[in-house]
> 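Handing you a structure now.
For ligands, and for the atoms within them, numbers begin at 1 and follow the listed sequence.
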Amino acid sequence: MTREELEQRVEQVRRELEIAADGRWPVPKLIAVTKTHSAEEILPLKEIGVTEIGENRVQELKTKLPELQGCFGIHLIGRLQRNKVRQIINDVCMIQSVDSIPLAEEIHARALAAEKQMPVLVEVSPAGEEQKGGVPFEETETFLNQIAKLDGIRVRGLMAVMPLTDDEEYLDGLFAKTRELFDRLKERSLNGIGMEELSMGMSGDYRLAAAHGATMVRVGSAIFGPRN
Ligand SMILES: *Cc1c(COP(=O)(O)O)cnc(C)c1O
């Protein structure tokens with residue numbers, strides 16, 4: 001893909017986000033999901049004003065890191081194994097997929113050892129698809145209270161992955177429900193917990209997400225084209 005095409009696609013996504021947010025919400029921040037793409041493909045994003053990228057695999061991120069470091073804020077957006085936390089604690093600006101106490105504790109411990117505090121999002125499970133991970137809605141407040149005292153992490157909000165479906169009405173309901181959970185938790189002002197970021201929406205549904213007040217969308221294939 002040429003740099004012009006890339007720029008057009010990014011601009012298109014940005015325009016659509018603005019239209020969908022419709023002045024009701026701030027326009028969500030675009031996290032360009034760069035998994036499966038080489039550093040060479042990713043670097044031009046910087047020239048078109050994309051400042052943050054998302055990767056979901058530690059191994060892949062580590063291979064690309066020498067070329068990407070310092071160019072982007074990097075968000076870890078996928079399932080993260082505890083034994084890999086140490087490898088990325090100094091490389092990422094946010095871990096978006098915290099959904100278990102042991103994982104939260106590991107990030108906390110590794111961050112403290114690195115003398116830092118890691119911003120994280122708690123991944124919730126809007127459709128209750130257990131195999132995909134994510135904390136069930138009704139357990140989220142308890143979960144937040146359990147990790148609030150871990151001072152190596154700083155909870156900044158929630159992240160959600162919607163199910164793969166063409167059913168717009170169903171998705172619309174899930175986005176609405178997730179936004180409600182976010183608002184309710186924000187209102188609770190839990191001690192030691194920040195509720196500023198709501199990361200939801202991918203290539204198929206970022207317009208709906210923006211219409212429901214996502215603060216970040218994670219968009220890959222709408223920018224780079226389909227992955228094989
Ligand atoms: C791959 C991925 C995305 C982006 O998916 P696209 O459909 O390519 O936009 C977003 N979030 C997570 C957690 C992902 O793994």
Side-chain angles (χ1 to χ4, degrees), residues 1 5-6 8-17 20 27-39 41-42 45 48 50-64 68 72-81 84-85 88 91-100 103 107 119-135 156-168 170-171 174-175 178-179 182 197-212 214-228:
M1 186 177 323
E5 282 174 292
L6 193 67
Q8 275 168 16
R9 282 167 177 243
V10 168
E11 282 312 316
Q12 164 115 14
V13 172
R14 286 196 174 126
R15 264 197 309 277
E16 290 176 340
L17 288 172
V27 181
K29 175 179 286 187
L30 174 63
I31 312 289
V33 176
T34 50
K35 65 189 185 202
T36 74
H37 298 282
S38 66
E41 292 172 275
I42 299 168
L45 287 172
I48 55 186
V50 174
T51 56
E52 282 162 85
I53 64 174
E55 286 280 340
N56 70 338
R57 289 224 170 83
V58 169
Q59 212 44 56
E60 183 185 341
L61 171 60
K62 290 305 269 188
T63 4
K64 296 190 269 190
L68 297 179
F72 302 97
I74 301 174
H75 296 246
L76 209 287
I77 60 172
R79 270 267 159 106
L80 176 60
Q81 289 172 308
K84 302 254 170 87
V85 170
I88 47 104
D91 304 324
V92 301
C93 67
M94 181 179 272
I95 297 174
Q96 295 208 0
S97 41
V98 174
D99 67 351
S100 80
L103 177 59
I107 299 169
V120 305
L121 301 182
V122 167
E123 182 173 352
V124 295
S125 163
E129 299 172 290
E130 268 171 37
Q131 73 286 5
K132 279 201 185 169
V135 180
R156 300 281 319 278
L158 304 180
M159 183 268 226
V161 179
M162 295 299 164
L164 269 181
T165 168
D166 294 332
D167 187 342
E168 289 249 331
Y170 174 56
L171 275 180
L174 292 182
F175 278 120
T178 308
R179 176 73 211 196
F182 177 76
E197 302 290 354
L198 178 57
S199 172
M200 57 182 188
M202 312 181 6
S203 289
D205 55 17
Y206 58 83
R207 301 165 201 82
L208 263 184
H212 285 286
T215 68
M216 293 179 183
V217 293
R218 311 176 307 270
V219 178
S221 47
I223 296 175
F224 287 108
R227 287 178 292 273
N228 337 309

> For R227, counting its heavy atoms only, list the atoms of ligand 1 lying under 4.0 Å from any of them.
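Selected atoms, number and element: 1 (C), 5 (O), 6 (P), 8 (O).
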
> Looking at ligand 1, does any of its N/O atoms fall within less than 3.5 Å of an N/O of G220?
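N/O-N/O distance under 3.5 Å: yes.
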
> Which is closest to atom 7 (O) of ligand 1 by heavy-atom distance: G204, S221, A222?
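Nearest heavy atom to atom 7 (O) of ligand 1 lies in S221.
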
> Can you tell me the protein heavy atom closest to atom 6 (P) of ligand 1 and the distance?
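Residue, atom and distance for the closest contact: S203 OG, 3.4 Å.
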
> Going by the order shown, which atoms of ligand 1 are within less than 4.0 Å of some heavy atom of K35?
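Those atoms are 1 (C), 2 (C), 3 (C), 14 (C), 15 (O).
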
> With no hydrogens and no angle check, is any side-chain donor or acceptor of K64 less than 3.5 Å from a backbone partner on I42?
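No; judged by distance alone, with no hydrogens or angles, the pair does not exist.
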
> Is there a donor in the side chain of Q8 and an acceptor in the side chain of Q12, or the other way round, less than 3.5 Å apart?
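Side-chain D/A pair, Q8 to Q12: absent.
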
> We want to know whether S38 and E41 form a side-chain donor-acceptor pair, criterion being a heavy-atom distance below 3.5 angstrom.
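Yes, because at least one side-chain N or O of S38 sits under 3.5 Å from a partner of the opposite role on E41.
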
> Quick one: does S100's side chain have a donor or acceptor within less than 3.5 Å of a partner on L103's backbone?
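Judged by distance alone, yes, a pair lies under 3.5 Å.
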
> Could you find the nearest protein heavy atom to atom 13 (C) of ligand 1 and give me its residue, atom name and distance?
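Heavy-atom neighbour on the protein nearest atom 13 (C) of ligand 1: I77 O, 3.4 Å.
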
> Output the list of atoms in ligand 1 that are nearer than 4.0 Å to some heavy atom of V219, sorted by atom number.
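In order of number, 9 (O).
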
> Report yes if the side chains of T36 and F224 come closer than 4.5 Å at any heavy-atom pair, otherwise no.
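Answer no - side chains too far apart.
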
> Minimum heavy-atom separation for E197 to L121, with atom names?
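The pair with the smallest heavy-atom distance is CB-CD2, 3.9 Å.
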
